[in-house]
Novice: 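Encoded as structure tokens, here's the structure I'll be asking about.
The basis for the numbers below is simple: all heavy atoms, side chains too, and nothing from hydrogens, waters or symmetry mates. Model, not experiment: these values are computed from the prediction.
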Amino acid sequence: MSSNLSELNNAQRQAVEATEGPVLIIAGAGAGKTKTITYRILNLIQKGVAPESILAVTFTNKAAQEMLGRVEKLLAESLELNRPTSIEGKPFISTFHSLGALIIKENAEEARVKKHFSIFDREDSKKVIRESLKNNGYDPKQFEPGKILSIISREKGNFISSEEYSEAGANSFFGELVSKVWQDYEIALKKENALDFDDLLLVAAQLLQDEKIRQKYSQRWQYVHIDEYQDTNKVQYQIAEAIVKDHKNICVVGDVDQNIYTWRNASIKNILNFERDFKNTKIILLEENYRSTQTILSVANRAIEKNKIRHEKILVTNNAVGERIGLFDALTESHEARFVVEKAKELQKKGVDLSDIAVLYRANFQSRVLEEEFLAGEVPYQILGTRFFERKEIKDILAFLRFAFNPESISDLKRIINVPPRGIGKITLLKIVEGKGDNLPPKMKIKLAAFKELIKRIKKFAETNPPSKTILFIAKETGLGEKLGQSEEDAERIENIKELAVLAKRYDQMYKKDENLEEERNWEIAIEKLLEDTSLASDQDSEKKEQDGVRLMTIHASKGLEFSYVFITGLEEGLFPHDRDQDEILSEEEAEEERRLFYVALTRAKKKLFLSYAQTRTIFGNKGSNIPSEFLLEIPDEYLEREFLDYIPKHKSLLHIEF
């Protein structure tokens, strides 16, 4: 291991060598936490730990794939290790949701689901909730399904079931409404042999309460690693705690200063209370930043040190001091957007790749004026957040595949029965769902029989062919490929289907024909994994090929990413820090989360930061005057330089800063 240790700094080396018992790694932004985890896994294997007994959990498929790729590369390069790279001989590296899905599938009978269950995405869930509201006499426009779904999600994340919520929480009109809708929602999920994202965690945690099941996974995974621990919720904590209960070999990596998802139910208490929950914890600070200039880190350190709820640390670097931070004082949001576009053009002329420039904002609505200016300035851009797997043609193909293996999925049936159009109307569909297909007119029976035969062909083909061929087979057999291609938009859809087939080739390779398995079983496993991964893909897991262009995104979406040049826009009181209710002052917890969000935004930049605000901004039709954000006012003058645009109307700055 000595040759490998030379790649690490002292703190990273300590983390890699601390293999036994509970370990808390406080990893600052850009401090090489993924490198530390992967080298730690390598060290364990070189010490004789079986790869299969190592578990590493993170939050996105993209992060899990990156970590697995790094581990495999390290193992291949290691001269001290000569193990076969079979599926059985690898650490299990996955997301929390994939881990939950595995536990449920392996204990399907105890979980009271069939093995080939479907996974509802957010849109599937909202449709069921919308139907429940209508059936109970409520107007979905008055009671927004997304809000109700968020409440259900929050309660599940707190380890609360619909029955428990009904008993304890339904003590108001709205509480009773949520309770009734939630009960209908659970009935719909059960009827369709489906689970939602939150169920993958909740049901897995419930299964692990069974001592026999818990011991099975505790024995299987003797060494557990959890990334981004500050973003875990109560249920995720329960899963981790159950698995390590016997051996306590748990290594968590996180940073209180980057906890920005309390609105998604992340509990900062999990990382703050780790030492209390796991006795004799070894704490290691990773404070050396490999990403940013010293100037950027100095500003980030000053910004976050005001927070009280945190583990104290100071980011340092051996990188150059770097340029001062650019500050643009805009008259309006249009002037601010124009500055961003012109500066991006200027950087491009200097040879900067547009994809290495990011524009961050606190609220989604801010993207509109930015897009207008990028279009007017003819500067290519991309908005992060349009997910490849949410495109209609992709959801259609995957729905055909899911329904072939889970014919109880009514949501998939509704989606595909008229894709492409077959002349099967809503009344006919209702009869099919109710099991009254025998009462249909003869012509309709013929159409239905043809549809059923199509589904049989898809299932048969999928069982004996690799996933990539199955995707193309579905496109051909359903006629989707033939129906598309008449316009530029249709051509793009065909390209998306082809891209899905390219993605599926990963699973062809992952599950090559195994002589120990029947061919049907082999490809069935591959299909299961493909459907699971595509269902669980997050905003940052899009498999769509990125095009060249400036990246526009919310600060929340930027977490985990890095760019050479970063613009942070809209730094105005009320917008950032964001005041959700202008009639109330932010609580201390809310104020600290806003500051953590600013810290995350600052630390995305490697070379240069640009900060801006607008003296006036129109928000939802109302024009208002603004004062600069407190975050701007706190930055020492020596770190700033003012930015100008010649054709922006002259106006007096609201910032009294000496440059």
Side-chain angles (χ1 to χ4, degrees), residues 58-70 72-73 87 90 93-95 97-98 101-102 116 118-119 121-124 197 200 355 382 384-406 412 415-416 419 458-459 461-478 480-481 484-485 489-513 522-548 560-561:
T58 187
F59 275 79
T60 67
N61 287 330
K62 185 176 180 181
Q65 288 162 9
E66 179 188 353
M67 190 179 293
L68 179 59
R70 288 202 198 184
E72 290 177 338
K73 187 168 184 263
I87 296 297
K90 291 182 180 179
I93 300 175
S94 79
T95 63
H97 289 92
S98 292
L102 173 74
H116 291 294
S118 296
I119 300 173
D121 65 17
R122 190 168 177 81
E123 288 307 311
D124 294 329
F197 284 4
L200 296 178
S355 61
Q382 276 195 329
L384 191 71
T386 302
R387 289 171 53 188
F388 177 63
F389 297 114
E390 287 181 348
R391 292 182 176 274
K392 182 183 184 303
E393 60 276 12
I394 301 303
K395 294 192 80 168
D396 288 344
I397 293 285
L398 294 174
F400 273 108
L401 189 54
R402 252 193 321 269
F403 187 72
F405 284 90
N406 181 18
D412 286 322
R415 181 173 192 93
I416 62 177
V419 177
I458 290 173
K459 187 171 190 291
F461 189 90
E463 288 175 338
T464 54
N465 288 276
S468 62
K469 287 186 178 180
T470 300
I471 297 299
L472 297 176
F473 177 82
I474 293 172
K476 181 181 178 182
E477 289 294 302
T478 59
L480 277 173
L484 297 175
E489 184 179 353
D490 287 340
E492 183 181 353
R493 288 175 178 170
I494 289 177
E495 287 300 315
N496 287 333
I497 292 173
K498 290 179 180 177
E499 187 68 23
L500 180 61
V502 171
L503 163 68
K505 284 188 177 180
R506 289 186 192 172
Y507 300 84
D508 298 354
Q509 299 299 317
M510 197 183 300
Y511 297 94
K512 284 181 178 177
K513 186 172 181 181
N522 199 67
W523 293 127
E524 183 182 320
I525 295 172
I527 291 294
E528 279 182 12
K529 188 60 179 169
L530 170 65
L531 291 174
E532 178 187 314
D533 287 353
T534 53
S535 294
L536 299 179
S538 74
D539 294 350
Q540 294 181 16
D541 287 329
S542 175
E543 297 296 337
K544 189 77 174 81
K545 288 180 180 177
E546 291 186 342
Q547 301 170 351
D548 186 40
L561 304 178

Novice: With a 4.5 Å limit on heavy-atom distance, are the side chains of Asp412 and Ser118 in contact?
Specialist: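 Answer yes - side chains close enough.
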Novice: Is there a side-chain contact between Lys529 and Glu532 (heavy atoms, below 4.5 Å)?
Specialist: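 Of all side-chain heavy-atom pairs linking Glu532 with Lys529, at least one is under 4.5 Å.
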Novice: What I'd like to find out is whether the side chain of Glu524 reaches to under 4.5 Å of the side chain of Phe405, using heavy atoms alone.
Specialist: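 A side-chain contact under 4.5 Å exists here.
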Novice: Does any part of the side chain of Val419, heavy atoms only, come nearer than 4.5 Å to the side chain of Thr478, both counted from C-beta?
Specialist: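 No. Closest side-chain heavy atoms not under 4.5 Å.
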Novice: Do Asp533 and Arg506 sit within salt-bridge range, that is, some charged N less than 4.0 Å from a carboxylate O?
Specialist: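 Salt bridge: no.
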Novice: Does the distance from a Lys or Arg side-chain N to an Asp or Glu carboxylate O, for Arg70 and Glu66, drop under 4.0 Å?
Specialist: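 Looking at Arg70 and Glu66, the cut-off is met.
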Novice: Please tell me if the side chains of Asn61 and Ser98 come closer than 4.5 Å, counting only heavy atoms from C-beta onward.
Specialist: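 Heavy-atom side-chain distance check passes, below 4.5 Å.
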Novice: Using a 4.5 Å cut-off on heavy atoms from C-beta on, say whether the side chain of Phe403 contacts that of Arg415.
Specialist: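 Heavy-atom side-chain distance check fails, nothing below 4.5 Å.
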Novice: Find out whether Ile474 and Ile497 are in side-chain contact, i.e. whether some heavy atom of one side chain is under 4.5 Å from a heavy atom of the other.
Specialist: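 When only atoms from C-beta onward are counted, Ile497 and Ile474 do not touch, as no gap falls below 4.5 Å.
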Novice: By side-chain contact (heavy atoms from CB on, under 4.5 Å), which residues pair with Thr58, not counting sequence neighbours?
Specialist: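 Here the qualifying residues are Ala63, Ala64, Asp227.
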Novice: Is there a donor-acceptor contact under 3.5 Å from the side chain of Asn406 to the main chain of Arg402?
Specialist: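 Not confirmed, Asn406 side chain does not pair with Arg402 backbone.
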Novice: For the residue pair Ile458 and Phe473, establish whether any side-chain heavy-atom pair is separated by less than 4.5 Å.
Specialist: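 Yes; the side chains approach each other to less than 4.5 Å.
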